[in-house]
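Here's the structure, in structure tokens; my notes come after.
These numbers come from a predicted model, not from an experiment.
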Protein chains: 2
Amino acid sequence: MNDRPLPTKDRLILSAATLFRTRGYHGVGLADLLADAKAPKGSLYHHFPNGKSDLAMAAATSASDEMLRLIAASFDGAESFNDGAKTLCFKLAKLFDITGWDTCPIAATLFEGPDNEDFRDHASHIYEGWIAEVQDHAARLGLSPEEAQAKSEHLFMLIQGGWALARARRSSDVIRKMTDRL
Amino acid sequence: MNDRPLPTKDRLILSAATLFRTRGYHGVGLADLLADAKAPKGSLYHHFPNGKSDLAMAAATSASDEMLRLIAASFDGAESFNDGAKTLCFKLAKLFDITGWDTCPIAATLFEGPDNEDFRDHASHIYEGWIAEVQDHAARLGLSPEEAQAKSEHLFMLIQGGWALARARRSSDVIRKMTDRL
DNA sequence: GCAACGCTGGACCAATCGGTCTAATGCTGT
DNA sequence: ACAGCATTAGACCGATTGGTCCAGCGTTGC
């Protein structure tokens with residue numbers, strides 16, 4: 001599935017991010033993972049000594065970074081909070097159409113994983129990172145600290161829930177229509 | 001875990017609903033399931049000829065029914081849409097505290113399951129059922145059809161997303177605070 | 001040229017997976 | 001009491017799971 005030139009470690013992370021996102025942590029076996037990344041088992045345990053769980057952590061981080069880039073790209077040229085929020089929603093709707101009806105990568109990878117403390121902490125940390133990123137932009141665009149926090153959390157919840165509904169409907173319309181209610 | 005007097009079939013559904021909700025479809029093995037329900041394997045395949053997947057469907061339906069009852073109970077005595085929505089949020093926050101940081105039972109059971117068409121359809125059907133139930137109450141409370149639909153979808157997304165954030169934070173506060181923004 | 005080392009390839013493992021099958025055990029109506 | 005059917009109990013199965021281990025490959029520095 002992925003380009004051969006990429007280093008093995010990156011191929012593993014990329015495959016893991018994709019597969020976990022679509023089928024959840026427990027839904028993906030090492031066999032699927034290694035076939036998709038075109039890597040042998042030895043490489044996995046060389047780069048990720050703790051195997052599947054280490055890889056899941058890395059995949060979640062990678063997915064989170066992509067999300068942070070998307071947030072930055074949406075708010076950087078924005079003239080108001082609502083402006084940036086709308087752009088973000090449209091970008092996410094497009095992403096939804098491309099990747100196709102997957103879950104939130106963090107939830108699929110970390111929440112469905114072993115009910116490990118590390119997993120939950122990492123997921124929490126990533127979510128707070130997204131909210132903090134939006135919050136910073138909100139503050140920069142003139143909102144009071146309280147307003148900034150409330151609005152970023154609100155946006156997070158709407159997107160998270162909208163994504164779930166969009167998945168059930170196999171249509172990104174709700175994510176786009178969401179912008180009317182901001 | 002469950003009361004012995006309950007018939008085996010019901011015990012199976014109850015255990016399945018609980019376990020799938022907390023650890024996801026693939027995260028639960030038949031062994032865990034049968035141990036929790038105190039039922040032998042033969043009973044499972046007698047009541048649910050297709051095994052795990054049949055049971056997951058039934059568990060999702062059961063969880064959905066509970067949700068529908070919760071919605072009805074919240075809106076029945078409500079004097080306005082926002083009134084009912086607030087009550088629902090408070091009830092859900094309490095439920096969240098009791099059950100403790102689980103995912104949406106439908107998502108955990110059906111979305112993480114085999115990427116079967118039946119599973120996705122059932123999940124979609126259940127979600128639309130929740131929205132339709134809220135929508136009916138909204139219409140009854142005087143909202144126009146368009147407003148009723150928009151507001152019920154909006155509420156669904158907020159709750160779904162709020163639940164996810166609450167889970168990451170291990171705190172139902174966001175669900176309660178959500179009511180300020182309706 | 002050669003030693004050292006990062007990395008790969010895959011054979012192998014015990015444990016667990018979901019599922020099948022059959023014998024025994026209720027419980028029912030007659 | 002007996003027949004007939006619904007349910008239970010669990011031994012058993014092949015496939016797959018995540019994980020270990022080591023021999024060999026290829027590149028690098030000397």
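Judged by the 6.0 Å distance and 45° axis criteria, B:K52 is not positioned over the aromatic ring of B:Y45.
Side chains of A:H122 and A:T61: a donor-acceptor N/O pair is present below 3.5 angstrom, by distance only. Looking at B:S15 and B:R11, their side chains never bring a donor and an acceptor atom within 3.5 Å of each other. Looking only at atom types and distance, the side chain of A:T22 has no donor-acceptor partner in the side chain of A:D102 under 3.5 Å away.
Contacts of residues 44-53 of chain A with DNA chain C (heavy atom under 4.0 Å): A:H46, A:H47.
Identified under the side chain to side chain donor-acceptor pair (under 3.5 Å) test for residues 147-167 of chain B, with sequence neighbours left out: A:R169-B:E153, A:R181-B:E147, B:T103-B:R167, B:Y127-B:Q160, B:Q149-B:E153.
Between B:T8 and D:dT7, a side-chain N or O to OP1/OP2 separation shorter than 4.0 Å is absent.
Taking atom CG of residue B:L30 and atom P of nucleotide D:dG14, one finds them 18 Å apart after rounding to whole Å. Across the protein-nucleic acid pair, B:L55 atom CG and C:dG19 atom C1' stand 14 Å apart, rounded to whole Å. In this structure, A:L12 places its CG atom 14 Å from C1' of C:dG9, rounding to the nearest Å. Atom CG in B:L34 sits about 12 Å away from atom C1' in D:dT8, given to the nearest Å. Between A:L33 atom CG and D:dT17 atom C1' the separation is 13 Å, expressed in whole Å. Atom CG of A:N116 and atom P of D:dG18 are 16 Å apart (whole Å).
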Between B:D76 and B:H137, is a side-chain contact (heavy atoms from CB on, under 4.5 Å) present by the stated rule, with each step listed? CA-CA 8 Å; B:D76 267 345; B:H137 285 282; 3.5 Å; yes
For nucleotides 10-14 of chain C, which of its nitrogen or oxygen atoms have a protein nitrogen or oxygen under 3.5 Å away, and what is each distance?
{"from": "C:dG10", "atom 1": "O6", "to": "A:G42", "atom 2": "N", "distance (Å)": "3.1"}

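In this structure a side-chain-to-backbone donor-acceptor pair under 3.5 Å is present from A:R120 to B:A168. Side chain of A:D32 to backbone of A:G29: a donor-acceptor contact under 3.5 angstrom is found.
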